[in-house]
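Naming: A, B, ... by sequence-line order, numbering from 1 per chain.
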Amino acid sequence: MSFTVCAINSPSLFALVDGNNFFVSCERVFNPSLNNKPVIVLSSNDGCAIARSNEAKALGIAMAAPLHTFAHLIKTHGIKTLSCNFELYGDMSNRMMHTLQRFAPDVDIYSIDEAFLDISRLNHNDYSLFAQSIYDTILKHIGLPITIGVARTKTLAKIANRTAKKQQKPYLIMTAPEDATHALQTTDLSSVWGIGRALAPKLKKLGIYTAYDLAIKDPMWARKVMGLSGERLVRELQGIACYENREETNKKSIQVTRSFGARLKEFNDIAEAISAHATRLGEQLRQKRLLAPALSVFCRTSLYSGSTPYNGIGIIAFDTPTNDTSTLIKGALHALRQAFQPGHIYQSAGIHALDLVSEGAFKQKNLFIPPKKESETSTHSKKLNQAIDSLNQHYGKNTLFWASSGINPRYQVRQNNRSPRYTTRWEELPMVR
DNA sequence: TCTGGGGTCCTAGGACCC
DNA sequence: TCTGGGGTCCTAGGACCC
């Protein structure tokens with residue numbers, strides 16, 4: 001096969017670092033009795049599997065499999081099931097990403113457990129040594145096992161990483177195009193980064209079954225069949241980088257969505273959930289110094305109940321973009337009144353803020369609010385939010401909360417077996433006896 | 001009893017303008 | 001009686017990711 005390599009004087013090179021079974025590995029750091037056992041971390045409400053140890057994968061438990069579909073295996077194989085503990089995983093992720101920054105100046109954090117290191121200009125002689133040293137450091141300092149894939153493009157680095165995992169190696173170096181051939185031939189099309197549910201069957205009908213089959217296509221053909229992203233994908237598979245590391249940019253949207261711990265019918269119960277979501281949204285907006293110009297709110301019934309699902313949506317636009325919790329709650333409840341219809345059995349509700357603007361960039365004032373009044377109220381609410389945020393940061397989430405979120409709310413998620421938040425709560429610090 | 005939650009990017013089509 | 005064509009912007013929805 002003939003690959004076109006990109007410009008010879010500055011070939012790109014990426015290392016994809018990916019935590020192995022990340023959530024399970026985070027749990028094992030603090031609970032070694034989980035080692036070598038089938039372990040599953042469940043989604044909120046303990047609904048389905050969102051992380052599986054290798055032992056659990058070997059039992060045939062699929063990603064996102066609902067708990068009840070493998071309940072019979074739990075007893076017979078002694079599977080440990082844990083409720084998710086995102087406070088712990090988020091903190092472990094921060095530590096891992098921070099450590100990775102020692103190895104490359106440009107780290108693109110792609111998800112909670114993955115980062116692309118742009119190592120184009122590092123000129124290492126031996127990338128195996130480099131990868132091994134990353135592996136050793138993360139294992140020693142953070143306690144997490146990782147896998148590293150090194151290749152000319154992000155898409156190939158993904159494939160290198162996946163292939164290394166399959167071979168149970170800590171890393172795979174795929175710097176020369178010919179190194180990639182075998183990995184591409186043994187990677188199923190549907191495992192390629194960017195090929196999902198819709199494209200895989202479409203391409204298979206056209207006789208493309210592996211990553212290799214796609215890599216030898218003409219990029220312009222791919223453009224016609226799959227659009228711009230298809231063209232880029234084929235080029236990436238051919239070793240021509242189309243995706244650089246991303247600049248750190250502001251988030252464009254934030255959503256807070258939860259399934260309820262029980263099915264809910266009453267407006268007031270759902271209003272409490274939405275109020276709690278709006279509070280969380282406010283915290284996140286303020287932390288990132290962002291403002292929401294508008295919100296959409298939804299409440300929906302279960303997709304699996306048998307009856308026709310209902311999904312109500314309501315929208316509220318604010319006079320001026322805001323991150324004030326009290327304003328967000330009022331607006332969200334107003335929007336919920338549009339979304340809610342009596343008579344349904346609701347399963348989840350959420351709130352979604354789009355088109356976020358940064359606090360600094362937003363100077364424009366609303367024409368219809370007298371400047372003095374506006375600034376007084378906004379200074380007052382700013383101080384209140386700051387006070388609540390700092391109390392909650394210091395003493396733990398929900399030390400102070402808004403009464404509209406309910407004292408003993410019925411929406412509360414079920415978490416029957418959540419591990420302690422070892423690294424972020426003083427009172428949950430691991431004890432050495 | 002029981003089926004997650006949080007993101008980004010691209011595209012097609014409509015509205016609108018000249 | 002005749003009723004263009006091209007451009008931009010916005011939005012909803014689809015597809016993808018973890």
Side-chain angles (χ1 to χ4, degrees), chain A residues 16-23 40-52 61-72 74 81 83-86 89-90 93 108-116 154-155 158 161-162 189-203 222-233 236 242-243 246-263 273 277 280-281 284 288 290 294 296 298 300-306 309 311 313 315 345 347-356 413-416:
Chain A
L16 172 62
V17 177
D18 181 306
N20 300 351
N21 315 325
F22 189 72
F23 302 160
I40 286 180
V41 174
L42 299 167
S43 61
S44 84
N45 275 315
D46 296 342
C48 50
I50 55 169
R52 306 150 294 149
I61 297 166
M63 185 64 174
L67 180 59
H68 68 95
T69 62
F70 58 87
H72 59 289
I74 295 178
T81 57
S83 304
C84 56
N85 185 349
F86 276 97
Y89 312 147
S93 170
D108 182 351
I109 299 171
Y110 182 69
S111 73
I112 193 165
D113 69 333
E114 268 178 73
F116 289 100
K154 288 186 166 183
T155 307
K158 275 272 190 188
N161 190 299
R162 193 174 170 279
L189 176 73
S190 53
S191 305
V192 173
W193 194 41
I195 301 291
R197 258 185 336 197
L199 281 175
K202 183 175 172 185
L203 290 175
R223 168 107 194 193
K224 277 189 208 120
V225 177
M226 311 154 66
L228 178 59
S229 27
E231 180 190 339
R232 286 185 183 147
L233 173 51
E236 284 253 326
C242 298
Y243 300 112
R246 303 163 301 174
E247 300 286 315
E248 213 181 324
T249 52
N250 284 331
K251 274 197 192 190
K252 291 165 184 166
S253 69
I254 295 180
Q255 58 192 77
V256 183
T257 303
R258 293 284 178 284
S259 305
F260 308 132
R263 297 286 189 261
H277 296 351
R280 181 82 192 106
L281 174 69
Q284 291 191 43
K288 302 192 163 65
L290 293 170
S296 74
F298 75 82
R300 67 167 71 119
T301 59
S302 169
L303 290 170
Y304 307 96
S305 67
N311 183 16
I313 294 173
I315 292 174
I345 313 278
Q347 181 256 346
S348 70
I351 177 169
H352 201 165
L354 286 164
D355 301 323
L356 304 178
V413 295
R414 287 185 312 275
Q415 290 207 311
N416 288 328

Assign the ring pair A:Trp193 / A:Phe116 to parallel, tilted or perpendicular, where the plane angle (0 to 90°) is split at 30° and 60°. tilted

With sugar-phosphate meaning primed atoms plus P, OP1 and OP2, does [X] contact a base, only sugar-phosphate, or nothing at under 4.0 Å between heavy atoms?
{"X": "A:Leu228", "result": "sugar-phosphate"}
{"X": "A:Val41", "result": "nothing"}
{"X": "A:Ile112", "result": "nothing"}
{"X": "A:Leu303", "result": "nothing"}
{"X": "A:Lys202", "result": "nothing"}
{"X": "A:Asn45", "result": "nothing"}
{"X": "A:Phe86", "result": "nothing"}

Would you kindly give the [atom1]-to-[atom2] distance between [X] and [N], to the nearest whole Å?
{"X": "A:Tyr89", "N": "B:dG5", "atom1": "OH", "atom2": "C1'", "answer": "14 Å"}
{"X": "A:Met226", "N": "B:dC10", "atom1": "CE", "atom2": "P", "answer": "14 Å"}
{"X": "A:Trp193", "N": "B:dC9", "atom1": "CH2", "atom2": "C1'", "answer": "12 Å"}
{"X": "A:Leu233", "N": "C:dC16", "atom1": "CG", "atom2": "P", "answer": "11 Å"}
{"X": "A:Ile254", "N": "B:dG5", "atom1": "CD1", "atom2": "P", "answer": "17 Å"}
{"X": "A:Lys224", "N": "B:dT11", "atom1": "NZ", "atom2": "P", "answer": "15 Å"}
{"X": "A:Tyr243", "N": "B:dT8", "atom1": "OH", "atom2": "C1'", "answer": "11 Å"}
{"X": "A:Arg197", "N": "C:dC16", "atom1": "CZ", "atom2": "C1'", "answer": "9 Å"}

Report the nucleotide, chosen from B:dG7, B:dG5, B:dT3, that has the shortest atom-to-atom distance to any side-chain atom of A:Lys251. B:dG7

Per atom distances to the A:Glu114 side chain, the nearest of C:dC18, B:dG6, B:dC2 is C:dC18

Would you name the heavy atoms of A:Asn416 and A:Asp46 that are closest together and state the gap between them? N-OD2, 2.9 Å

For A:Arg162 and A:Ser191, does a side-chain donor sit closer than 3.5 Å to a side-chain acceptor? yes

Side chain A:Asp18, main chain A:Asn161, donor-acceptor under 3.5 Å: no

Quick one: is [N] close enough that its OP1 or OP2 comes under 4.0 Å of any side-chain N or O from [X]?
{"X": "A:Ser253", "N": "B:dT8", "result": "yes"}
{"X": "A:Thr257", "N": "B:dG4", "result": "no"}
{"X": "A:Arg263", "N": "B:dT3", "result": "yes"}
{"X": "A:Ser44", "N": "B:dG5", "result": "yes"}
{"X": "A:Arg258", "N": "B:dG6", "result": "yes"}
{"X": "A:Lys252", "N": "B:dG7", "result": "no"}
{"X": "A:Gln347", "N": "B:dG4", "result": "yes"}
{"X": "A:Arg232", "N": "B:dC10", "result": "yes"}

Who passes side-chain hydrogen bond (donor to acceptor under 3.5 Å, both in side chains) against A:Thr155, sequence neighbours left out? A:Glu236

For A:Ala71 and A:Ser348, take the nucleotide of DNA chain B holding the closest heavy atom to each; which residue's nucleotide lies nearer the 5' end? A:Ala71

Return the 5'-most residue of the pair A:Gly227, A:Gln284 with respect to DNA chain B, ranking by each residue's nearest nucleotide. A:Gln284

Intra- and inter-strand pairing of DNA chain C, written as dot-bracket with Watson-Crick and G-U pairs under 3.5 Å and | for the latter, reads ....||||||||||||||

In this structure, NZ of A:Lys154 is separated from CZ of A:Arg246 (nearest 0.5 Å) by 6.0 Å

Roughly how far apart are A:Gln284 CD and A:Arg280 CZ, rounded to 0.5 Å? 4.5 Å

